Amino acid sequence: MHDLLRCWVRFFCRIGSHLALILISSQIAFGDAVINTARVHPATDEQLRLTDQQWKALSAAATHAIFRNIDEAERSLSFAPGAIPASTGSAYDYVRGEDQQYNLFTWVRDSALVAMAIVDVYRTTANLELKAKAAEFLMKYARFGIKLQHKKSTYGYGDGKYHKNGDPITEEWGGPQNDGPALRAVALSEFALALRSEGHLQTARILFQTVISRDLDYVATNYNAKGVDWWEEHWKNKKGFHFSTLIAQQDALNLGQKLARRLDLTPSAKWPDVEQRIEEWLPKFWNSDLGIFVATLDSDNRPIDNGRSENDSLNYIALLGPRLGARDSQITASNPQMMATVGRFVQQFDHFPINQQSRGHYVGRYFGDTYFGGNIWAITTMARYGFDYLVAIDASNKGQLHLDNHDLTFLQPIAGNNAKFLRPGTTLNRQSKEFKQITAALIDHGDRGLVDMLTLAVGKLKFDPVTHKLLNPLYISEQYSKEHGGAEALPNLTWNYSVLYHAILARQKAVAALRSLEAELSPMSCAHILLGVR
């Protein structure tokens with residue numbers, strides 16, 4: 001009798017454990033967050049529209065998530081002060097058989113892009129406590145950068161990845177990654193410029209004379225050295241010159257000269273010369289046969305494969321989003337060739353099953369990606385929709401939008417088939433109603449896509465009706481399944497939140513530009529123009 005009872009107990013225990021596994025498999029607990037792994041239904045048309053207050057709440061949530069990750073890394077994961085974690089978690093890639101422990105390392109590139117967001121928080125927030133927190137961290141980040149600069153490592157400043165305490169990686173690793181020093185210089189130059197404008201001249205000069213100028217000297221010396229790409233793929237035998245790296249280097253040199261002049265210091269004579277050389281080099285990345293800016297030139301053993309390989313990963317959409325709307329160059333967001341490149345990039349992911357089922361159009365890194373199976377990436381999808389805002393801003397700043405056969409690949413799906421004014425050879429001037437129409441369409445398209453991606457990641461967005469605060473825990477994973485939309489790969493990627501923050505910041509500027517257009521095109525404004533009244 002007792003043996004029979006024990007058998008029944010073991011049976012129910014097994015059933016219970018299986019049920020528990022089934023329940024656990026539908027949700028992965030991460031800190032205070034619960035990441036949904038079941039198919040998330042796309043947002044309805046009504047849910048895709050947010051108020052200005054709700055967009056502000058999303059921006060605040062992204063800011064909180066950035067500092068949450070940084071605080072957790074220093075407090076619980078033993079990261080050095082100023083080191084930014086790629087993620088606070090880890091995951092095992094069963095496709096490649098690799099353990100990805102992003103909670104043990106810091107990347108120069110990722111960290112710089114997150115630091116850029118913190119600089120913008122410092123410049124724009126009216127919350128003095130948050131402003132002080134941003135300033136305190138950025139000074140830690142600068143000191144950590146100096147620490148890395150003085151480390152003896154395989155590639156020196158070109159090392160892209162370090163242990164969380166700042167020690168170099170001793171095992172074989174891809175390099176050089178020459179985008180890192182450039183992006184760090186961009187972030188800290190922007191911070192120094194903000195400090196200078198507020199009267200903190202001495203602090204700005206210290207930043208320039210230590211970490212910033214050293215990074216810029218490295219850029220000016222190594223801009224024409226082959227390196228690995230942003231995604232660090234196939235680094236052993238496929239180094240080359242990368243479009244995104246050169247853009248970062250050009251921006252760094254441009255900002256460095258601007259900063260030096262503001263500080264009454266003399267920039268290196270090499271910086272303007274190298275900046276100009278890069279400007280002349282960038283158009284050579286245009287491939288007229290493919291209709292895109294290819295990501296890499298002069299690659300070692302790296303085939304183009306008709307543009308449908310990692311050669312046109314177009315990763316600069318995600319990585320350089322904050323810069324594409326504010327560049328002193330011919331290559332900006334509203335450049336027809338740039339828009340064409342983004343349009344082609346999006347088409348590469350038509351084959352994702354989820355794109356056949358939902359309102360949104362999610363993108364990954366590149367066609368044929370195998371990392372964790374090659375799924376939807378949150379950073380590229382959010383940045384792709386943030387790019388819509390950047391086009392609106394850039395075109396508004398220039399006062400026109402030129403159309404040719406290239407950029408219609410990007411603009412036609414956004415404006416719709418009824419936009420008959422989208423004809424090659426046409427230039428839409430700021431004063432025209434068509435310019436306002438395409439600007440509004442870009443913002444609307446960006447809004448819908450960004451909210452849809454967030455809905456996929458954290459569920460239906462919920463806001464407090466009184467405070468407008470986002471009630472969803474904002475934990476965004478590195479990837480989401482191309483099949484069903486469930487969370488994949490690394491949890492809680494810090495980079496995600498900086499991309500989201502910058503997309504919303506770009507949206508604010510795009511909306512301001514649209515409202516300015518509406519005011520200019522109002523009947524009263526037209527009457528003032530006709531009558532010569534100011």
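Positions are given from 1, in the same order as the sequence printed here. The model shown is predicted, which means the values in this text are computed figures rather than measured ones.
Residues D447 and Y385 bring no donor and acceptor atom of their side chains to less than 3.5 Å of each other. Side-chain polar atoms of T245 and N178 form no donor-acceptor pair below 3.5 angstrom. If you check the side chains of Y497 and N492, you find a donor sitting under 3.5 Å from an acceptor. Counting only N and O atoms by type, the side chains of Y362 and D452 include a donor and acceptor under 3.5 Å apart.
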Query raised in the report: What's the verdict on side-chain contact (heavy atoms from CB on, under 4.5 Å) for F410 and L442, showing C-alpha distance, side-chain angles and the deciding distance?
Result: CA-CA 10 Å; F410 171 78; L442 283 163; 4.0 Å; yes
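Contact of the F463 side chain with the Q53 side chain is not registered, since no non-hydrogen atoms from C-beta on lie closer than 4.5 Å. Using a 4.5 Å heavy-atom threshold, the side chains of F137 and E74 count as separate. Within the 4.5 Å cutoff, the side chain of R49 has heavy atoms near those of the D444 side chain.
With sequence neighbours left out, the side-chain contact (heavy atoms from CB on, under 4.5 Å) criterion links A440 to L514.
Remark: the backbone N or O of D350 is paired with a side-chain donor or acceptor of Q356 at under 3.5 angstrom. No side-chain donor-acceptor contact under 3.5 Å links S396 to the backbone of A392. Panel note: side chain H445, backbone D388; no donor-acceptor pair is recorded below 3.5 Å. Listed for the Y102 side chain is no donor-acceptor partner under 3.5 Å among the backbone atoms of L493. Using modelled atom types, no side-chain atom of S87 and backbone atom of N103 make a donor-acceptor pair closer than 3.5 Å. Side-chain atoms of N472 come within 3.5 Å of backbone atoms of V458 as a donor-acceptor pair (strictly under, hydrogens ignored). Distance alone, capped at 3.5 Å, is enough to place a donor-acceptor pair between the S189 side chain and the A185 backbone. Of the possible polar contacts, one joining the H484 side chain to the G486 backbone as a donor-acceptor pair under 3.5 Å is found.
Environment of NZ in K462: sparse, with no more than 12 heavy atoms of neighbouring residues, nucleotides or ligands closer than 6.0 Å. Counting non-hydrogen atoms of other residues, nucleotides and ligands closer than 6.0 Å to CD of E129 gives a total of 12 or fewer. Within 6.0 Å of NZ on K56 lie no more than 12 heavy atoms contributed by other residues, nucleotides or ligands.
With rounding to the nearest 0.5 Å, the separation of OG in S516 from NZ in K436 is 12.5 Å. Within the model, atoms CD of E72 and OG1 of T494 stand 9.0 Å from one another, a figure rounded to the nearest 0.5 Å.
In this structure, the ring of F345 has its center less than 6.0 angstrom from the ring center of F349. Between F191 and Y141, the distance separating the two ring centers is not shorter than 6.0 angstrom.
Remark: R68 is positioned above the aromatic ring of Y475, its terminal NZ or CZ atom under 6.0 angstrom from the ring centre and at most 45 degrees off the axis.
Contact check on D369 versus K482 returns no salt bridge, with no Lys/Arg side-chain nitrogen under 4.0 Å from an Asp/Glu carboxylate oxygen.
Partner of W495 under the side-chain contact (heavy atoms from CB on, under 4.5 Å) criterion, out of I476, I84, L113, I66: L113 alone.
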